[in-house]
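Heads up: the structure comes next, in structure tokens.
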There are 2 protein chains.
Amino acid sequence: MGIFSKTCEYAIRSVFFIAHRTAGQTGRVGIKEIAVGIDSPEPFLAKILQDLSRRGIVQSTKGPNGGFYLDSASLERPLSDIVAAVDGNDIFYGCGLGLKQCSEVNPCPLHNEFKDIRNKIHIMLHETKIGEFNDELMNGMLSLKK
Amino acid sequence: MGIFSKTCEYAIRSVFFIAHRTAGQTGRVGIKEIAVGIDSPEPFLAKILQDLSRRGIVQSTKGPNGGFYLDSASLERPLSDIVAAVDGNDIFYGCGLGLKQCSEVNPCPLHNEFKDIRNKIHIMLHETKIGEFNDELMNGMLSLKK
DNA sequence: ATAATAAAAGACTATTTTATCTTTTATTAT
DNA sequence: ATAATAAAAGATAAAATAGTCTTTTATTAT
Ligand code: FES
Ligand code: FES
């Protein structure tokens with residue numbers, strides 16, 4: 001188990017993929033190409049993108065020349081929006097040792113340490129925008145598969 | 001989902017509990033008291049402690065006055081040993097976006113950020129010793145339940 | 001020796017997460 | 001209008017994680 005659920009990993013990678021494949025142009029990209037591009041099981045990814053689409057995190061149209069894309073507002077969104085939508089915000093606010101409620105008045109032994117780490121994760125994901133890596137993804141300096 | 005699996009959360013909390021309940025004295029503490037003390041399902045915790053016992057992370061004896069305890073070597077162990085035993089070391093070395101292999105030559109978009117965060121988690125868990133919070137746990141300044 | 005105690009071991013159940021397959025709906029080109 | 005295309009929706013299936021229950025083994029006190 002990593003930091004995020006498998007679902008969330010696929011979600012982030014697919015959104016990065018859609019971003020760099022449709023940025024600028026009025027293009028769309030199909031589920032098949034996305035699944036290959038991020039090395040994920042296609043039907044599972046379809047479910048995930050359905051959900052992201054319902055939530056307005058990605059855009060889509062059906063039919064010929066249809067597919068997924070991102071409008072300019074979506075490209076500016078922080079990654080934390082995706083993580084919160086898919087995994088909830090336990091990773092931002094929950095107790096690292098699983099106490100029902102992280103609190104200053106009844107802290108677990110690692111409270112201060114976790115608070116610091118959670119904040120770093122939160123800030124990092126909040127400061128990173130979906131469209132931020134388009135150039136490096138297009139020229140192959142960054143990878144979303146393997 | 002938090003940073004650790006439920007199993008791992010229970011494991012860490014129970015080890016802290018055993019540490020502060022048996023430190024110094026030659027005492028033992030039973031599964032029942034531990035389960036109440038950390039608010040976990042007793043039979044599930046029994047399985048977890050069985051595993052930690054087999055791995056030598058906690059000590060135990062059967063029979064009357066039996067129970068779990070920690071020898072002085074165990075009290076000095078870092079928390080990272082527990083996490084590695086239970087959840088593996090994906091959290092220390094794995095790619096945050098789920099690429100099969102985190103690498104400098106084929107990095108994911110968040111590679112540098114994740115590397116930094118993973119290192120902080122690793123260092124924190126490595127520098128924290130199991131017996132470190134015994135005093136605060138005994139006088140109630142820190143909590144392992146609720 | 002025997003009975004009582006408490007963890008170890010093993011078999012089993014439930015829930016959640018991950019993944020697949022089929023049918024329906026919307027869009028476009030002809 | 002019709003056929004082709006591609007996502008949405010819905011119904012299942014498989015695997016992993018979380019949790020329970022019963023029997024066995026080791027230890028101790030009597
Ligand atoms: S109480 Fe555990 S992280 Fe705050
Ligand atoms: S490649 Fe993703 S964290 Fe290193």
Side-chain angles (χ1 to χ4, degrees), chain A residues 1-15 18 21-22 26-36 38-70 85-88 90-91 98, chain B residues 1-15 17-18 21-22 26-36 38-70 83 85-88 90-91 98:
Chain A
M1 190 206 274
I3 302 233
F4 306 128
S5 67
K6 220 109 221 354
T7 302
C8 192
E9 291 174 352
Y10 291 147
I12 297 174
R13 275 153 55 199
S14 65
V15 168
I18 297 168
R21 273 287 287 96
T22 66
T26 167
R28 314 275 150 88
V29 59
I31 182 75
K32 209 154 225 158
E33 185 182 343
I34 305 170
V36 171
I38 69 166
D39 189 30
S40 76
E42 191 197 310
F44 188 40
L45 183 63
K47 281 297 168 201
I48 297 168
L49 285 176
Q50 251 173 58
D51 182 53
L52 293 181
S53 175
R54 254 184 264 111
R55 293 169 185 274
I57 292 176
V58 304
Q59 285 68 53
S60 71
T61 54
K62 299 177 175 182
N65 309 318
F68 296 90
Y69 62 102
L70 294 167
V86 176
D87 278 356
D90 266 24
I91 198 167
Chain B
M1 190 205 272
I3 303 233
F4 306 128
S5 66
K6 222 103 217 3
T7 301
C8 192
E9 292 174 351
Y10 292 146
I12 297 174
R13 274 153 55 199
S14 64
V15 169
F17 188 87
I18 297 168
R21 275 287 287 97
T22 66
T26 168
R28 314 275 150 87
V29 60
I31 182 76
K32 209 153 226 158
E33 184 182 343
I34 305 170
V36 172
I38 70 166
D39 190 29
S40 77
E42 191 198 309
F44 188 39
L45 182 63
K47 280 296 169 204
I48 297 169
L49 286 176
Q50 250 173 59
D51 183 53
L52 293 181
S53 175
R54 253 184 265 111
R55 294 168 185 274
I57 292 176
V58 305
Q59 286 67 52
S60 70
T61 54
K62 299 177 174 182
N65 308 319
F68 297 90
Y69 63 101
L70 294 166
V83 173
V86 176
D87 278 357
D90 267 23
I91 197 166

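These numbers come from the heavy atoms of this one structure, side chains and all, not from hydrogens, waters or symmetry mates. Proteins come first, then strands; the chains are lettered A, B, ... in the order of their sequence lines, and each starts at number 1.
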**Report entry** Pairing pattern in dot-bracket form [Watson-Crick, G-U; both distances under 3.5 Å; | = partner strand] for DNA chain C
**Finding:** ||||||||||||||||||||||||||||||
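Between the CG atom of A:Leu45 and the C1' atom of C:dC21 there is a distance of 16 Å, rounded to whole Å. Taking atom NZ of B:Lys62 as the reference point, atom P of C:dA3 lies 20 Å away to the nearest angstrom.
At a threshold of 4.0 angstrom between heavy atoms, the contacts of A:Ile31 are confined to the sugar-phosphate backbone, with no base atom among them.
OP1 or OP2 of C:dA29 lies within a sub-4.0 Å distance of a side-chain N or O belonging to A:Asn65. At least one side-chain nitrogen or oxygen of B:Tyr10 sits closer than 4.0 Å to the OP1 or OP2 atom of D:dG19. In this model, the phosphate group of C:dT27 is not approached by any side-chain N or O of A:Arg28 to a distance below 4.0 Å at OP1 or OP2. Residue B:Thr61 has no polar side-chain atom (N or O) positioned under 4.0 Å from OP1 or OP2 of D:dA26. Between A:Ser60 and D:dA8 there is a side-chain polar atom (N or O) within less than 4.0 angstrom of OP1 or OP2.
Side-chain atoms of A:Arg13 come within 3.5 Å of backbone atoms of A:Ile38 as a donor-acceptor pair (strictly under, hydrogens ignored).
When distances run from any side-chain atom of A:Lys47 to the nucleotides D:dA9, D:dA8, D:dG19, the shortest one goes to D:dA9.
A:Asp51 places none of its side-chain heavy atoms less than 4.5 Å from the side chain of A:Thr7.
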